[in-house]
Colleague: 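If you scroll down you'll find the structure; I have some questions about it.
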Protein chains: 2
Amino acid sequence: MEFDLGARLRSLREQHGLSQRELAKRAGVTNGTISMIEQNRTSPAVGSLKKVLDGFPIGLSEFFASDFSSRQKIFYDHEELTRISDGKIAYRQVGRDLTGKSLQMLHEIYAPGSDTGRSMLSHQGEEAGVIVKGKLEVTVGTERRILKAGDAYYFESHRPHRFRAIGNEEVVVVSACTPPSF
Amino acid sequence: MEFDLGARLRSLREQHGLSQRELAKRAGVTNGTISMIEQNRTSPAVGSLKKVLDGFPIGLSEFFASDFSSRQKIFYDHEELTRISDGKIAYRQVGRDLTGKSLQMLHEIYAPGSDTGRSMLSHQGEEAGVIVKGKLEVTVGTERRILKAGDAYYFESHRPHRFRAIGNEEVVVVSACTPPSF
DNA sequence: TTTTTATGTTTAAAATACTAAACAATCCGC
DNA sequence: GCGGATTGTTTAGTATTTTAAACATAAAAA
């Protein structure tokens, strides 16, 4: 989905009942700048946009937050779960086709010593997991920790992350993410 | 707190293990641009910043949301999980405050014979779960099935549903739903 | 109507960001 | 050590944004 910066700003301004000049004065820019931005005739400098948004006020994060509000098989025997092989890690996905769905749940089995690779994973959404068996080293951004059975994690998926099995027994994890990442 | 755009970008890039040139190539800008941005010597055009962030990838909103996520707790010992008592069923939620979040994960322990009640549950969203231990009877709409360790379920939460522990051992389930239901 | 006031748009000049290439520093293999 | 590759930084030139002021239209007041 395309983000229409100009339209978003115009909508915001009108919701606040401000003219381009009023907003410009508050923001410390000229009305022409606001006009150009609203028509998408320029890609404003972040600094300029920030000044403008301070006139409402609203933060950059909220401004860019596009509001994603966001008969089928129900029961699955373990062997029915969709297998997604990825080297030494055996993923089993709950459910078949997740198109249109917003939740993905995986039953993961890590062979001893296996990991998700040195290049860190990163995607949209949130993910969480509970360790069922074994020891799993979880790295998120600059933070790292070893989790054991019963422990859990929860983070936003855009943060680079990596999983690694510790010790010489297999590791079992039940994880979920939203929206589905593959 | 002042938002340090340059530092934020540098940190992100380093977490991903990319050089300025590698990122520049992915993003379709020059390495000099990235250098200047990271030093806060320019206030990049929104369009340029977007191109750069697409190289990770990460959205503008998350980029500006910054420290929110980095201060958030990620790892949870089993005893740290938030307990949500509900009669004979012990829920432990992964994560503390889920406001603004779209994923909820629970570690559930059913005492022998316990269930979620005769009046069926129903709410918005989707939910899924994996049985870790014991036997669980799951009823969704008119369908009913007994699941054992390793088995799983997935359905849309608006369908009336009910869970019941079968046999005389406790049942352990890891479940997830989106959006959080309580 | 005529005038005043306010609106959004456009334009030439000034300010700023971006590129391409050179520069400096560091690391690695030989 | 040396040479080559890779890193982040800087610089001069080009491209883009921003300003200040003029323009055009519309609504309100006289």
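In what follows, every chain begins at residue 1, and chains take the letters A, B, ... in the order their sequences are listed.
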Colleague: Would you call K135(B) and E169(B) a salt bridge, taking side-chain N to carboxylate O under 4.0 Å as the test?
Modeller: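 Answer for the salt bridge query: no.
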Colleague: Just the rounded figure in Å: distance from C1' of dG8(D) to CD of E22(B).
Modeller: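 After rounding, the gap between these two atoms is 13 Å.
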Colleague: Side chains of S175(A) and E127(A): do they bring a donor and an acceptor to under 3.5 Å?
Modeller: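 Their side chains do not contain a donor-acceptor pair, so the 3.5 Å distance test is not met.
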Colleague: Could you tell me whether R145(A) and E137(A) have a side-chain N and a carboxylate O separated by less than 4.0 Å?
Modeller: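 A salt bridge is absent here (no side-chain N lies under 4.0 Å from a carboxylate O).
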Colleague: Does D54(A) come within less than 4.0 Å of K50(A), counting only side-chain N to carboxylate O?
Modeller: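 Salt bridge between D54(A) and K50(A), a charged N being under 4.0 Å from a carboxylate O: yes.
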Colleague: I need the residues from residues 34-42 of chain A with at least one non-hydrogen atom less than 4.0 Å from DNA chain D; give them sorted by number, or say none.
Modeller: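 Hits under 4.0 Å, by residue number: R41(A), T42(A).
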Colleague: Roughly how many Å is it from CZ in R21(B) to C1' in dA5(D), rounded to a whole number?
Modeller: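 These atoms are roughly 11 Å apart.
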Colleague: Send over the distance from L23(B) CG to dG8(D) C1', rounded to a whole Å.
Modeller: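 Those two atoms, CG and C1', are 13 Å apart.
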Colleague: Before giving the answer on side-chain contact (heavy atoms from CB on, under 4.5 Å), spell out for Y153(B) and V130(B) the whole-Å C-alpha distance, their side-chain angles and the decisive distance to 0.1 Å.
Modeller: CA-CA 7 Å; Y153(B) 62 86; V130(B) 172; over 6 Å; no
Colleague: Applying the side-chain contact (heavy atoms from CB on, under 4.5 Å) test to I131(A), which of V172(A), L147(A), V174(A) qualifies?
Modeller: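 Testing each of V172(A), L147(A), V174(A) against I131(A), the sole residue satisfying side-chain contact (heavy atoms from CB on, under 4.5 Å) is L147(A).
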Colleague: Run the side-chain hydrogen bond (donor to acceptor under 3.5 Å, both in side chains) test on Y110(B) and E170(B) for me, step by step, so that the C-alpha distance in whole Å, both residues' side-chain angles and the decisive distance to 0.1 Å come before the verdict.
Modeller: CA-CA 6 Å; Y110(B) 293 75; E170(B) 70 176 14; over 6 Å; no
Colleague: Between G32(A) and T33(B), name the one whose nearest nucleotide on DNA chain D is closer to the 5' end.
Modeller: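 Its nearest nucleotide being more 5', the pick is T33(B).
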Colleague: Can you hop from F63(A) to I58(B) via hydrophobic side chains spaced under 4.5 Å?
Modeller: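 Yes, because F63(A) and I58(B) connect within a single hydrophobic cluster, where side-chain heavy atoms sit under 4.5 Å apart.
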Colleague: Taking for each residue the nucleotide of DNA chain C with the nearest heavy atom, is it A45(B) or N31(B) whose nucleotide lies nearer the 5' end?
Modeller: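 Its nearest nucleotide being more 5', the pick is A45(B).
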Colleague: Taking only the side-chain nitrogens and oxygens of R13(B), find out if one of them lies under 4.0 Å from OP1 or OP2 of dG8(D).
Modeller: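 Answer yes for this pair, as a side-chain N or O of R13(B) is under 4.0 Å from OP1 or OP2.
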Colleague: Taking the six-membered ring for Trp, are the ring centroids of H107(B) and Y91(B) within less than 6.0 Å of each other?
Modeller: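 No, they do not, as the ring centres are separated by 6.0 Å or more.
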Colleague: Would you grab the first and last nucleotide of DNA chain C (5' to 3') that comes under 4.0 Å of any non-hydrogen atom in chain B?
Modeller: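 Terminal contacting nucleotides, 5' to 3': dA17(C) to dA22(C).
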Colleague: In whole angstrom, what separates L49(A)'s CG from dT18(D)'s C1'?
Modeller: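 Value for this atom pair: 14 Å.
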Colleague: Would you say dT19(D) has OP1 or OP2 under 4.0 Å from some side-chain N or O of T30(A)?
Modeller: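 Yes, within the criterion.
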Colleague: Report yes if a side-chain nitrogen or oxygen of S48(A) is closer than 4.0 Å to either non-bridging phosphate oxygen (OP1 or OP2) of dT18(D); otherwise report no.
Modeller: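 It does, given that an N or O in the side chain of S48(A) lies less than 4.0 Å from OP1 or OP2 of dT18(D).
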